[in-house]
Amino acid sequence: MSLLEVDGLTVAFGRGAPAIRDVCLRVDAGQRLGVIGESGSGKTVTALAIMGLLAENARLSGSIRIDGDELIGRSDRELARLRGDKLGMIFQEPLSALDPTMRSGRQVAEVLRLHEGAAAGAARERVLAMLAEVGFDDPERVADSYPFQLSGGQRQRVLTAMALINSPDLVICDEPTTALDVTVQATVLGVLDRVLSDAGAACLFISHDLAVVSQLCSDIAVMLDGQIVERGSTADIFDQPQHPYTRGLVATARLDLVAPGDRLPVIGDFYAGERR
Ligand SMILES: Nc1ncnc2c1ncn2[C@@H]1O[C@H](COP(=O)(O)OP(=O)(O)OP(=O)(O)O)[C@@H](O)[C@H]1O
Ligand SMILES: [Mg+2]
């Protein structure tokens, strides 16, 4: 039995056509699965379905099991108990996921209070330790800052601290670094990689960027138009992409993965080949 088992998951909103169809996923304890696909392919809908955070008018069918417990068809109260401390999520946009009126430290502490009823003093210590773990060398200052006083990369690390402070078994990351510039993105991904490894947590990592996913994940599922069209180990996806959409992604990602210092192919190379 896997930690997360999604089978035949179909989600439609209101009377509309399904946004995702027949999605099947497996994530084992400690495993990292990347879900990749273009904008509108259904990645966020899949993540929110697993988290139980879809809009009221969403109609779900199929099966979502965490540690063998079925989540579809349960009441909110039962879901809260079944998901409990097992799931954490890092959202696509850090600014909208944080409360602008609350200091960062209190927001991280709130997670502990909700899940464990931790007392304020004990929570503060653990919050500072967690902020240090996500790479802040001045955790006191960050804890006392409001989100608007932090940079985008710092906010994303605060969200990472919020998602991990409960030691969840599975962290769902929905494009956690898309809004950041490339160097900050690399820092945040490095932090995420380390804290996930330290915690031994599994991860469902959603992105439209295959180069990013391949740095973090051992396995990849490719989504197109609401369906999973291909899946495999990261190495196999790179070496033998089957679906035409995946082949296009791999060709683009290979260019992004050229090591710093390597010479990038330039248009002139192609013409040089023709002239010879
Ligand atoms: N609450 C909703 N009501 C109606 N349709 C929705 C709702 N949420 C999502 N959709 C539709 O579901 C489809 C998939 O959206 P989703 O947000 O999962 O895409 P995505 O793969 O995460 O894209 P992006 O890379 O841009 O974040 C889209 O066509 C979208 O319009
Ligand atoms: Mg999305």
| query | In Å and rounded to the nearest 0.5 Å, what is the CG to CG distance from D28 to D169? | reply | 12.5 Å
| field | Closest non-hydrogen atom pair, P147 against P100 | value | CD-O, 4.0 Å
| query | Which of these, D174, L192, I172, T177, sits in a side chain to side chain contact (heavy atoms under 4.5 Å, CB included) with I90? | reply | L192
| Within-4.5 Å side-chain heavy-atom neighbours: I36 and H208 | no
| said: Checking L9 against I72 for the side chain to side chain contact (heavy atoms under 4.5 Å, CB included) test, could you report, in this order, the C-alpha distance in whole Å, the side-chain angles of both residues, the deciding distance, and whether it holds? | reply: CA-CA 10 Å; L9 178 64; I72 291 185; 3.9 Å; yes
| query | Is R74 atom CZ crowded by more than 12 heavy atoms from other residues, nucleotides or ligands, each under 6.0 Å away? | reply | yes
| Less than 4.5 Å apart, any side-chain heavy atom of S197 and any of R32? | yes
| message | I'd like to know if the side chain of Q227 reaches the main chain of L224, judged simply by a donor and an acceptor atom lying under 3.5 Å from each other, with no hydrogens or angles considered. | response | no
| said: Within the 4.5 Å heavy-atom criterion, are F238 and S214 side-chain neighbours or not? | reply: yes
| query | Which pair of heavy atoms, one from P168 and one from G88, lies closest together, and at what distance? | reply | CB-N, 3.7 Å
| So do the side chains of D219 and V27 get within less than 4.5 Å of each other, counting heavy atoms only? | no
| task | Please tell me if the side chains of V222 and R231 come closer than 4.5 Å, counting only heavy atoms from C-beta onward. | result | no
| query | Is there a donor-acceptor contact under 3.5 Å from the side chain of R103 to the main chain of Y146? | reply | no
| query | Is D7 paired with R65 through a side-chain N to carboxylate O contact shorter than 4.0 Å? | reply | yes
| task | Before giving the answer on side chain to side chain contact (heavy atoms under 4.5 Å, CB included), spell out for D209 and T178 the whole-Å C-alpha distance, their side-chain angles and the decisive distance to 0.1 Å. | result | CA-CA 9 Å; D209 188 334; T178 304; over 6 Å; no
| How many angstroms lie between atom CE of M89 and atom CG of L48, to the nearest 0.5 angstrom? | 5.0 Å
| query | How long is the span from the OG atom in S151 to the CD atom in Q156, to the nearest 0.5 Å? | reply | 10.5 Å
| Between Q107 (side chain) and M102 (backbone), is there a donor-acceptor pair under 3.5 Å? | yes
| task | Starting at CZ of F13, measure out to CD of E56 and round the result to the nearest 0.5 Å. | result | 12.0 Å
| message | Donor-acceptor check, side chain of Q242 to backbone of Q240, threshold 3.5 angstrom: yes or no? | response | yes
| request: For Y245 and E230, indicate whether the former's side chain and the latter's backbone hold a donor-acceptor pair under 3.5 Å. | output: no
| Side-chain (S2) to main-chain (R26) donor-acceptor, under 3.5 angstrom | no
| Are the side chain of D181 and the backbone of V184 linked by a donor-acceptor contact shorter than 3.5 Å? | yes
| Roughly how far apart are I220 CD1 and S207 OG, rounded to 0.5 Å? | 10.0 Å
| said: The test is side chain to side chain contact (heavy atoms under 4.5 Å, CB included); show your working for V134 and M130 and say whether it passes. | reply: CA-CA 6 Å; V134 295; M130 191 69 224; 4.1 Å; yes
| query | Do T234 and D236 have a side chain donor and acceptor closer than 3.5 Å? | reply | no
| query | Given R126 and V108, is the side chain to side chain contact (heavy atoms under 4.5 Å, CB included) satisfied, shown in steps? | reply | CA-CA 9 Å; R126 279 178 60 192; V108 184; over 6 Å; no
| query | Between R194 and E133, is there a donor-acceptor pair closer than 3.5 Å when you use the side chain of the first and the backbone of the second? | reply | yes
| remark: Tightest non-hydrogen contact, residues L216 and L189, listed as CD1-O, 3.8 Å
| message | Test your reading of the model: is there a side-chain donor-acceptor pair from R59 to the backbone of G14, 3.5 Å cut-off? | response | yes
| query | Nearest heavy-atom pair of M223 and I228: which atoms, and what distance? | reply | CG-CG1, 3.8 Å
| field | Test item: V171 and L164 side chains (from C-beta on) under 4.5 Å apart, heavy atoms | value | yes
| said: If you define the side chain from C-beta out and look only at heavy atoms, does anything of T10 sit under 4.5 Å from P18? | reply: yes
| query | Is it true that the NZ or CZ of R157 lies under 6.0 Å from the centre of F136's six-membered ring and within 45 degrees of the ring axis? | reply | yes
| field | Nearest non-hydrogen partners of I20 and S41, listed with the distance | value | CG2-O, 4.5 Å
| field | Close side-chain approach of Q215 to D193, heavy-atom, < 4.5 Å | value | no
| task | Take atom CG of D198 as the centre, draw a 6.0 Å sphere, and report whether it contains more than 12 heavy atoms from other residues, nucleotides or ligands. | result | yes
| Is L128 reachable from V195 through a run of hydrophobic residues whose side-chain heavy atoms are each under 4.5 Å from the next? | no
| NZ/NE/NH1/NH2 to OD/OE distance under 4.0 Å, K43 and E38 | no
| query | With a 4.0 Å cut-off, would you call K86 and D67 a salt bridge? | reply | yes
| field | Atom pair CG (L33) and OG (S218), whose distance is rounded to the nearest 0.5 Å | value | 7.5 Å
| message | Checking side-chain polar atoms at under 3.5 Å, does E5 have a donor or acceptor matched by the opposite partner on S63? | response | no
